[in-house]
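Convention: sequence-line order gives letters A, B, ...; per-chain numbering from 1.
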Amino acid sequence: MKHKVAVTVNGHKHEHEVEPRLLLVHYLRDVVGLTGTHIGCDTSQCGACTIHVDGKAVKSCTMFAVQADGRSLTTIEGMAKGDELHPIQQAFWDEHGLQCGYCTPGFIMAAAYLLEQNPNPTEDEIRKGLEGNLCRCTGYVNIVKAVQTAAKTMSGTTAGKTQVAAGGN
Amino acid sequence: MAVSQLVGAKIHRREDPRLITGHGHYIDDFTRQGTAYAAFVRSPVAHARVKSIDVTDASKAPGVVGVYTARDFKGQLAGTHPAAPAFVAEKKYVPERFPIAEKEVTYQGEIVAVVLAESKGQAADAANMIQVDYDELPAVMDLEKALAKGAPKAHEAGPDNVCWDFTYTPLDLTEAAFKEADVVVKERILQNRLAPVPMEPRGVLADYEGFDKKLTMWLSSQNPHFIRLFVSGALGLKESQVRVISPDVGGGFGSKISPYPEDYLVPALSRMIARPVKWIETRTESIQNATHGRGQFYDCEVAAKKDGTLLAMRVVQYVDVGAYHGTFGAFQPVACLMAGGGYKWKGISARTIGVLTNRVPTDPYRGAGRPEATHLVERMVDLVALELKMDPVDIRKKNFIQPQDFPFTQNFGLVVDSGDYEKSLDKALQLAGYAELRKKQADLRKQGRYLGIGLSTWIELCGFGPSAATAPATGGIALVESAQVRVTPTGAVIVYTGTHSHGQGHETTFSQIVADQLGVPLDSVELRHGDTAEGTSFGYGTYGSRSLAVGGVAISKAVGKVIDKGKKLAAHIFEAAEEDVVFEHGSFHVKGSPDKSKAFGEVAFASYGMGLPEGMEQGLEAVAYFDPPNLVWPFGAHVAVVEIDAETGSAKLEKYVAVDDCGNIINPMIVDGQIHGGVVQAIAQALYEEVVYDESNGQLKTGTMIDYLVPSAGEIPPFILDKTITPSPTNDLGVKGIGEAGTIAASVAVINAICDALSPLGIKHVDMPATPDKLWHMMKEARK
Ligand code: FES
Ligand code: FES
């Protein structure tokens with residue numbers, strides 16, 4: 001038996017009939033077609049699937065699609081405004097906060113929620129705050145730096161956003 | 001944009017805009033119309049005879065396209081899984097491996113059946129309905145027991161469990177040195193079995209088009225051309241009929257080099273049902289089936305003089321091969337050849353024994369053999385220092401190969417091209433504040449606290465590699481690298497490389513090299529890789545820190561050929577002699593008359609026109625292969641500072657300093673990133689990670705990320721990084737590899753620090769992972 005699910009994803013409304021067992025992450029990837037949200041485990045450990053549900057960071061593999069009915073979702077694809085990157089995306093780029101990039105969407109979504117809760121986190125708070133996300137490539141050093149940089153940009157303590165073109169420095 | 005300044009600069013990565021916005025293309029992001037989804041039925045037991053497989057219910061389940069067992073693949077798949085000679089030229093017994101088991105399963109997770117269905121869920125549901133009747137056999141787990149006469153065998157039909165037993169240099173070679181020794185230290189050193197755990201698991205999508213007789217397969221691979229070679233062979237196709245595309249790859253660490261059973265089965269199924277077939281690995285499947293790393297132990301003895309002069313080493317390596325010989329599994333014995341580290345020895349006797357067990361096969365994992373060598377030699381040197389009551393710094397300095405000794409032929413005939421080991425050690429000690437740390441340690445010891453300082457003065461061989469060394473190791477194909485550079489009429493530059501990035505940022509660094517050399521802006525250069533239908537006829541992949549030192553140099557050579565042709569054409573245009581034409585800052589001009597000049601783009605355009613010099617063909621493009629004359633030899637010094645909680649046994653990293661030398665640097669930001677990631681993987685080996693099987697029956701106990709402890713940001717301290725730069729004389733760019741350095745260096749720095757911390761208790765050696773539980777018990781025991 002299929003169930004109706006109506007959600008808003010990155011500002012766009014979607015309505016589908018889905019199997020009740022369909023996980024939200026599979027719904028986003030396979031039904032809505034937004035593949036920026038990744039899957040890295042089957043035990044809700046890795047955080048690669050992190051999105052925002054009504055503004056809160058949620059691992060989208062821990063929810064069924066039907067549980068999202070009526071909610072507003074933001075995925076990594078909804079973070080940039082047109083060509084303008086979200087400050088956290090920009091900071092990950094500036095600070096080399098990614099290598100293979102597989103964990104990155106989840107980290108950016110988790111970091112966005114972290115900075116909303118705590119706009120000026122200490123290094124320790126960032127490390128503890130991102131414990132639900134795993135990265136195998138970066139050793140976390142530059143991820144932490146990126147979040148620090150983003151925190152500064154977002155609280156306006158550095159002068160505006162740097163425009164960095166691909167290959168510029 | 002300024003020209004000639006890209007190499008050496010922190011350039012933002014060109015791959016990042018798509019990856020930070022969710023527009024990367026990883027394997028699971030690809031779909032084809034009409035795809036059937038595969039789910040594999042895997043053995044739940046480590047070793048058994050397969051008595052029967054009942055697929056009746058599964059075949060009738062909703063959405064099922066078909067259910068297949070080994071018999072269905074007869075005539076579809078030829079040959080067995082390849083096992084490269086690697087560093088062990090002679091094997092005793094290499095069990096045949098078919099991608100799907102028929103009569104006997106030899107590790108938990110081995111495939112016995114596969115279901116195809118219209119959806120992933122339906123495939124998984126039907127797979128659960130398949131009934132397999134197993135007749136369990138004893139699981140071979142312990143390496144020493146496995147070698148005993150009459151021991152149960154990992155494969156019923158095998159003669160015994162010895163995959164290889166190879167002596168590089170016999171025992172008597174070191175006899176004299178051991179006789180003259182003042183001290184001899186002995187230790188058994190374990191290398192815990194590790195799961196590579198790239199954040200993106202593997203996956204395969206295959207589409208065989210029956211009328212064209214062409215197979216396209218997408219898979220997450222470090223090594224697409226080798227996969228094409230193996231898969232085409234197994235399916236009875238020509239390489240020209242197979243196109244392998246490896247898109248954005250979400251990490252590999254060695255686990256995406258070799259072909260896997262699914263890489264054969266999925267395309268074979270696509271051909272059988274005339275539809276695209278897709279399979280994406282789950283995390284549990286990944287930890288259970290992707291090749292593991294390490295899984296070894298070493299019996300080692302070192303002879304030394306009273307004054308700390310190292311004399312000789314004897315080492316026997318025991319490798320847990322697993323149930324089958326991993327394609328490059330015999331790479332790990334390189335640890336024997338590197339066991340001497342950065343020191344001078346009169347002799348080293350080395351023997352490697354590969355033991356078959358009922359665990360998943362081992363294969364290269366980040367560093368492969370070289371982390372083991374570093375761990376071994378740096379541990380042994382510390383044990384000698386402890387015995388002689390010498391400072392670990394002094395014993396190292398006393399025995400280092402000195403700058404004037406290079407090129408240095410080490411005990412196994414390998415030629416170390418360059419180095420300055422003392423320089424990097426001094427820098428690391430200074431950054432760490434070594435003298436103050438020793439004082440602090442003495443003070444804390446008085447308070448009953450356990451602070452330890454650990455050194456690792458590591459060296460590495462990488463950049464595989466010279467044809468003379470690697471062609472025999474692969475069974476014929478020399479690990480050189482290829483590049484193609486194509487310049488379009490409007491001067492756009494498209495570069496194809498046979499390497500394939502899985503996070504290393506080649507799109508950026510390789511473009512930096514090309515843009516500098518041609519004097520064009522970075523965005524005029526496009527780097528392509530990962531698709532066997534594009535570029536040169538063969539590529540060699542990314543592993544063994546080879547991409548820049550071999551692939552980057554090949555690119556640079558191809559660019560050189562393009563410039564040479566451009567010079568010929570410019571000379572013709574200028575009506576000057578070719579020798580009088582110079583190329584700098586992106587334009588050609590006649591020596592002495594810079595006003596007579598043509599930009600690179602103008603010459604490119606002219607090359608597609610008429611009136612070319614006699615005999616010159618149109619176009620501007622070149623192919624180059626680079627066969628390096630030697631391997632490259634990075635080195636460095638790491639210092640770890642650890643405090644152990646006397647109550648809980650937990651080891652806390654207080655400080656981590658890494659001074660590394662990878663020769664000339666293309667992009668320092670990327671180099672640092674590689675070190676960060678590598679060091680953390682090694683810290684994880686030292687403190688947290690271990691694949692654990694139940695020793696009695698071969699059941700995997702760490703099959704999820706709940707039990708297999710990949711560290712998070714909370715566990716990792718900030719690092720202090722620095723460099724020394726000793727350009728490699730082996731290639732024109734003066735570069736060496738850096739992808740594995742951190743992993744090669746760091747595990748032993750941490751363990752040496754732990755042993756140093758616990759030395760007042762008389763504890764000399766601690767094996768990995770040094771979990772709180774293990775340390776607490778050791779401390780308790782020692783205090784008795
Ligand atoms: S996929 Fe790993 S936490 Fe959701
Ligand atoms: S960048 Fe590869 S897993 Fe984080």
Side-chain angles (χ1 to χ4, degrees), chain A residues 19 21-22 26 29-30 34-43 45-46 48 75-77 79-80 85 88-90 92-105 108 123-124 126-144 164-169, chain B residues 1 9-17 19-26 28-29 120-121 197-201 248-253 280 282-284 502-505 508 511 521-523 669-670 672-681 704-706 710-714 716 718-719 742:
Chain A
E19 277 190 57
R21 68 170 171 177
L22 185 71
H26 289 134
R29 292 181 52 83
D30 301 342
L34 292 172
T35 54
T37 303
H38 296 150
I39 303 170
C41 71
D42 27 47
T43 50
Q45 239 71 38
C46 76
T75 68
I76 187 68
E77 289 92 340
M79 292 301 273
L85 296 175
I88 300 178
Q89 291 173 316
Q90 183 69 48
F92 268 72
W93 194 14
D94 291 347
E95 301 293 356
H96 189 33
L98 62 149
Q99 291 180 24
C100 80
Y102 196 76
C103 69
T104 312
I108 290 175
E123 165 158 1
D124 208 46
I126 295 171
R127 287 181 179 275
K128 293 269 154 4
L130 295 177
E131 266 179 350
N133 291 67
L134 297 176
C135 172
R136 193 58 154 168
C137 299
T138 63
Y140 304 103
V141 179
N142 289 343
I143 290 179
V144 173
V164 184
N169 52 25
Chain B
M1 180 183 296
K10 177 194 165 181
I11 301 291
H12 279 66
R13 291 207 324 172
R14 310 177 81 193
E15 34 281 269
D16 287 2
L19 303 179
I20 53 181
T21 55
H23 294 91
H25 296 283
Y26 300 92
D28 196 18
D29 304 339
K120 286 183 268 190
V197 196
M199 289 312 298
E200 183 203 28
D248 285 326
V249 175
F253 313 110
I280 298 294
T282 66
R283 177 58 60 195
T284 296
H502 44 289
Q504 294 86 344
T508 309
S511 303
L522 196 68
D523 58 14
M669 174 185 86
I670 288 180
D672 284 355
Q674 288 295 316
I675 295 167
H676 293 152
V679 166
V680 169
Q681 262 172 309
T704 70
M705 283 178 163
I706 300 174
V710 174
S712 74
I716 299 302
F719 305 140

*Asks:* Can you tell which of A:G36, A:G40, A:G101 has the highest number of heavy-atom pairs within less than 4.5 Å of chain B?
*Replies:*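 If we count pairs closer than 4.5 Å to chain B, A:G40 comes out on top.
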*Asks:* Select one option (side chain, backbone, both, neither) describing which atoms of B:V679 are under 4.5 Å from chain A's heavy atoms.
*Replies:*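 Answer is neither: B:V679 stays 4.5 Å or more from chain A.
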*Asks:* So, do A:T43 and B:R283 sit near enough that their side-chain heavy atoms are less than 4.5 Å apart?
*Replies:*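 No, side chains not in contact.
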*Asks:* Do the side chains of A:V141 and B:F719 get nearer than 4.5 Å, heavy atoms only?
*Replies:*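 Side-chain contact under 4.5 Å: yes.
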*Asks:* What heavy-atom pair brings B:Y26 and A:C100 nearest, and what distance separates the two atoms?
*Replies:*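 Minimum heavy-atom separation between B:Y26 and A:C100: OH-O, 2.7 Å.
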*Asks:* Considering all heavy atoms of both residues, which atom of B:M705 and which atom of A:C46 are nearest to each other, and what is their separation?
*Replies:*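 Here B:M705 and A:C46 meet closest at SD-CB, 4.0 Å.
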*Asks:* Please lay out, stage by stage, how B:H676 and A:T138 fare under the test side chain to side chain contact (heavy atoms under 4.5 Å, CB included).
*Replies:* CA-CA 6 Å; B:H676 293 152; A:T138 63; 5.9 Å; no
*Asks:* Using a 4.5 angstrom heavy-atom cutoff, name the option from B:G121, B:G505, B:S511 with the most pairs to chain A.
*Replies:*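 The residue among B:G121, B:G505, B:S511 with the greatest pair count is B:G121.
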*Asks:* Given side chain to side chain contact (heavy atoms under 4.5 Å, CB included), test A:H38 with B:M199 step by step and report yes or no.
*Replies:* CA-CA 9 Å; A:H38 296 150; B:M199 289 312 298; over 6 Å; no
*Asks:* Closest approach of A:D94 and B:M669, non-hydrogen atoms and distance?
*Replies:*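 Residues A:D94 and B:M669, closest heavy atoms: O-SD, 4.4 Å.
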*Asks:* I need the residue from B:T508, B:I280, B:T284, B:V249 with the largest number of non-hydrogen atom pairs under 4.5 Å to chain A.
*Replies:*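 Sorted descending by pairs with chain A, the first entry is B:T284.
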*Asks:* Specify which of B:G22, B:S712, B:P198 makes the most heavy-atom pairs with chain A at under 4.5 Å.
*Replies:*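 Most pairs with chain A among the choices: B:S712.
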*Asks:* Begin from the C-alpha positions of B:R13 and A:L98 and carry the test side chain to side chain contact (heavy atoms under 4.5 Å, CB included) through to its verdict.
*Replies:* CA-CA 10 Å; B:R13 291 207 324 172; A:L98 62 149; 3.9 Å; yes
*Asks:* Main chain of B:P711, side chain of A:Y140: is a donor-acceptor contact present, judged purely on distance under 3.5 Å?
*Replies:*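 Side chain of A:Y140 to backbone of B:P711, a donor-acceptor pair under 3.5 Å: yes, one is there.
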*Asks:* Let me know if A:E123 has heavy atoms under 4.5 Å from chain B in its side chain, its backbone, both or neither.
*Replies:*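 Contact with chain B involves the side chain of A:E123 alone.
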*Asks:* Please state whether the side chain, the backbone, both or neither of B:H23 comes within less than 4.5 Å of a heavy atom of chain A.
*Replies:*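 Only the side chain of B:H23 comes within 4.5 Å of chain A.
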*Asks:* Heavy-atom distances under 4.5 Å only: say whether B:P201 touches chain A with side chain, backbone, both or neither.
*Replies:*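 Answer is side chain: those atoms of B:P201 sit under 4.5 Å from chain A.
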*Asks:* Determine whether B:K120 and A:H26 make a side-chain contact, defined as any pair of heavy atoms from C-beta on separated by less than 4.5 Å.
*Replies:*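 They are in side-chain contact.
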*Asks:* Between B:D29 and chain A, which part of the residue has a heavy atom less than 4.5 Å away: side chain, backbone, both or neither?
*Replies:*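 It is both, since atoms from each part get that close.
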*Asks:* If I take atom SG from residue A:C137 and atom CD from residue B:Q681, how far apart are they, to the nearest 0.5 angstrom?
*Replies:*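 One finds 7.5 Å between SG of A:C137 and CD of B:Q681.
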*Asks:* Is there side-chain contact between A:Q45 and B:T704, with at least one heavy-atom pair below 4.5 Å?
*Replies:*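 They are not in contact (no side-chain heavy atoms under 4.5 Å apart), so the answer is no.
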*Asks:* Counting distance only, does the side-chain N/O of A:D42 pair as donor-acceptor with the main-chain N or O of B:T282 below 3.5 Å?
*Replies:*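 Here the side-chain-to-backbone pair does not exist.
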*Asks:* Could you tell me which portion of A:D124 (side chain, backbone, both or neither) has an atom closer than 4.5 angstrom to a non-hydrogen atom of chain B?
*Replies:*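 Neither part; nothing is under 4.5 Å.
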*Asks:* Name the option with the most non-hydrogen atom pairs under 4.5 Å to chain B; the candidates are A:R29, A:E95, A:M79.
*Replies:*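 So the answer, after comparing A:R29, A:E95, A:M79, is A:R29.
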*Asks:* Do A:Q99 and B:H502 make a side-chain contact, defined as non-hydrogen atoms from C-beta onward lying under 4.5 Å apart?
*Replies:*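 A:Q99 vs B:H502: side chains apart.
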*Asks:* What part of B:I670 lies closer than 4.5 angstrom to a heavy atom of chain A: side chain, backbone, both or neither?
*Replies:*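 Both parts, backbone and side chain.
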*Asks:* Donor-acceptor pair, A:R136 side chain versus B:F253 backbone, under 3.5 Å?
*Replies:*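 No: the side chain of A:R136 does not pair with the backbone of B:F253.
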*Asks:* Relative to chain A, which segment of B:Q504 carries a heavy atom at a distance below 4.5 Å: side chain, backbone, both, or neither?
*Replies:*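 The answer is neither part of B:Q504.
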*Asks:* Test side chain to side chain contact (heavy atoms under 4.5 Å, CB included) on B:T21 and A:L85; report intermediate values, then the result.
*Replies:* CA-CA 8 Å; B:T21 55; A:L85 296 175; 3.7 Å; yes
*Asks:* Treating A:Q89 as the side-chain partner and B:I20 as the backbone partner, does any N or O pair qualify as donor plus acceptor under 3.5 Å?
*Replies:*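 Indeed, once roles are kept as given, a pair shorter than 3.5 Å links the two residues.
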*Asks:* Which region of B:D672, side chain (C-beta onward) or backbone (N, CA, C, O), has a non-hydrogen atom less than 4.5 Å from a non-hydrogen atom of chain A, or is it both or neither?
*Replies:*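 Neither part.
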*Asks:* Check each atom of A:I108 against the heavy atoms of chain B and say whether the ones under 4.5 Å are side chain, backbone, both or neither.
*Replies:*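 When you check distances to chain B, only side chain atoms of A:I108 fall under 4.5 Å.
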